[in-house]
Amino acid sequence: MKTLYFHGLPGSAAELGLTRLSGLTTPDRNLPDFDALARSLPAGELHLFGFSLGAATALQMAARLPDRVVRVTLASPVAPLELGDFLPQMAGASVFRAAQTPGKLAKTANVQTTLIKTLPSLAINRMLAGVSAREKAFFQDKSNRKCLTQSVRDGLTTNRDAYLTEITRYVQPWASVLGQVRCQVAIFHGTEDTWSPPKMATALAQKLRYAEVSWMEGRGHYTTLAETADALARLPELR
């Protein structure tokens, strides 16, 4: 069974530098639609590991490949917006609102790209405003901060097409996809997540056939990713 990593957006495989997990295949998401992405995935049985907006994409893949995706692990996942009044509690609400207006997301991305290229420290400080104390402490580590900066820069340059395409798709109704996921889904969610409100994990679990939520007490968005990935790194098949 092959494990594939679906990073957040804006993001990249550089996120894995925040963890002890390495060597995972990260699919190229710069494709025109989810059907094309599903066709590009490796043959055989698959375990999909999705983080943040990458969790939504992992679920889209599981729904399209029910006979091949045998397990899904989600860290800090987002849920369909139609399942609850989530936006007011989401740190990235302005980006998702922009995606609901044709052409506005691209303009927002241009501003984000300029900021991460010219004033990366300011860009990251803005991202981390309002996060939990544990999350702030996590990114006081220079190595972790460097990984986050690289991931966001990649997400707005190398992975720009995926950023624009997947967020635009995300803000449209897609909850019906959840009923098509046949495998077991393990959800790990921080109780102090300011990017994906904890209510999203509950909403997902209620709509998926076989899902269980593990609450990460006091953890935020990225600290949940780090601890989930570290736990996966201890699995025999990933050593």
Please work out whether the ring planes of Phe139 and Tyr222 are parallel, tilted or perpendicular, with thresholds of 30° and 60°.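 The rings of Phe139 and Tyr222 stand perpendicular, inter-plane angle above 60°.
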Should [X] and [Y] count as side-chain neighbours, where that means a heavy-atom distance under 4.5 Å?
{"X": "Pro80", "Y": "Leu178", "answer": "yes"}
{"X": "Asp141", "Y": "Arg145", "answer": "no"}
{"X": "Ser52", "Y": "His221", "answer": "yes"}
{"X": "Thr73", "Y": "Val185", "answer": "no"}
{"X": "Thr108", "Y": "Ser94", "answer": "no"}
{"X": "Thr57", "Y": "Arg29", "answer": "yes"}
{"X": "Ile116", "Y": "Ile124", "answer": "yes"}
{"X": "Leu21", "Y": "Phe49", "answer": "yes"}

Give me the atom names and distance for the closest heavy-atom approach of [X] to [Y].
{"X": "Ala211", "Y": "Ala205", "answer": "CB-CA, 4.0 Å"}
{"X": "Trp174", "Y": "Gln172", "answer": "CD1-O, 3.1 Å"}
{"X": "Pro197", "Y": "Trp195", "answer": "CD-O, 3.6 Å"}
{"X": "Arg160", "Y": "Ala109", "answer": "NH1-CB, 3.7 Å"}
{"X": "Leu9", "Y": "Ala162", "answer": "CD1-O, 3.7 Å"}
{"X": "Ala36", "Y": "Asp33", "answer": "N-OD1, 2.8 Å"}

Closer than 3.5 angstrom, by distance alone: can the side chain of [X] be matched with the main-chain N or O of [Y] as a donor-acceptor pair?
{"X": "Thr19", "Y": "Ala229", "value": "no"}
{"X": "Ser40", "Y": "Leu37", "value": "yes"}
{"X": "Asn144", "Y": "Phe138", "value": "yes"}
{"X": "Thr101", "Y": "Lys104", "value": "no"}
{"X": "Glu135", "Y": "Thr223", "value": "yes"}
{"X": "Arg64", "Y": "Gln60", "value": "yes"}
{"X": "Asp154", "Y": "Ser12", "value": "no"}
{"X": "Glu82", "Y": "Ala175", "value": "yes"}
{"X": "Ser151", "Y": "Cys147", "value": "no"}

Inspect the surroundings of CD in Glu212 and state if more than 12 heavy atoms from other residues, nucleotides or ligands are less than 6.0 Å away.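 At most 12 heavy atoms, drawn from other residues, nucleotides or ligands, come within 6.0 Å of this atom.
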CZ (Arg209) with more than 12 external heavy atoms under 6.0 Å: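 More than 12 within 6.0 Å, yes.
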Where do Leu83 and Gln206 land on the side chain to side chain contact (heavy atoms under 4.5 Å, CB included) test, with the steps shown first? CA-CA 10 Å; Leu83 295 184; Gln206 290 173 345; over 6 Å; no
Derivation and outcome, side-chain hydrogen bond (donor to acceptor under 3.5 Å, both in side chains), residues Ser76 and His189: CA-CA 5 Å; Ser76 311; His189 213 103; 5.7 Å; no
Please name the residue in the list Asp161, Ile167, Asn159 that meets the side-chain contact (heavy atoms from CB on, under 4.5 Å) test with Tyr163.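 Looking at Asp161, Ile167, Asn159, the match for Tyr163 under the side-chain contact (heavy atoms from CB on, under 4.5 Å) is Ile167.
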Would you sort out whether Arg182 and Asp67 count as a salt bridge (charged side-chain N to carboxylate O under 4.0 Å, His left out), showing the intermediate values? CA-CA 9 Å; Arg182 299 180 188 173; Asp67 296 327; 3.6 Å; yes
Give a yes or no on whether [X] and [Y] share a hydrophobic cluster (residues Ile, Leu, Val, Met, Phe, Trp, Tyr; joining criterion: side-chain heavy atoms under 4.5 Å apart).
{"X": "Leu18", "Y": "Val131", "result": "yes"}
{"X": "Met216", "Y": "Ile187", "result": "no"}
{"X": "Leu164", "Y": "Leu115", "result": "no"}
{"X": "Met200", "Y": "Phe188", "result": "no"}

To the nearest 0.5 Å, how far apart are [atom1] in [X] and [atom2] in [Y]?
{"X": "Leu4", "Y": "His47", "atom1": "CG", "atom2": "NE2", "answer": "9.5 Å"}
{"X": "Glu45", "Y": "Leu65", "atom1": "CD", "atom2": "CG", "answer": "12.5 Å"}
{"X": "Thr165", "Y": "Asn30", "atom1": "OG1", "atom2": "CG", "answer": "8.0 Å"}
{"X": "Ser196", "Y": "Leu204", "atom1": "OG", "atom2": "CG", "answer": "9.5 Å"}
{"X": "Met61", "Y": "Leu41", "atom1": "CE", "atom2": "CG", "answer": "6.5 Å"}
{"X": "Glu15", "Y": "Leu225", "atom1": "CD", "atom2": "CG", "answer": "6.5 Å"}

Begin from the C-alpha positions of Cys183 and Val69 and carry the test side chain to side chain contact (heavy atoms under 4.5 Å, CB included) through to its verdict. CA-CA 7 Å; Cys183 65; Val69 176; 4.1 Å; yes
Answer yes when Arg219 and Glu227 have at least one side-chain N-carboxylate O distance shorter than 4.0 Å, and no when they do not.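 A salt bridge is present here (some side-chain N lies under 4.0 Å from a carboxylate O).
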List the steps, then state whether side chain to side chain contact (heavy atoms under 4.5 Å, CB included) holds for Leu148 with Met127. CA-CA 10 Å; Leu148 179 61; Met127 275 189 66; 4.3 Å; yes
Set out, in order, the CA-CA distance, both residues' side-chain angles and the distance that settles side chain to side chain contact (heavy atoms under 4.5 Å, CB included) for Glu166 and Leu53, then state yes or no. CA-CA 8 Å; Glu166 292 190 25; Leu53 277 159; 5.6 Å; no
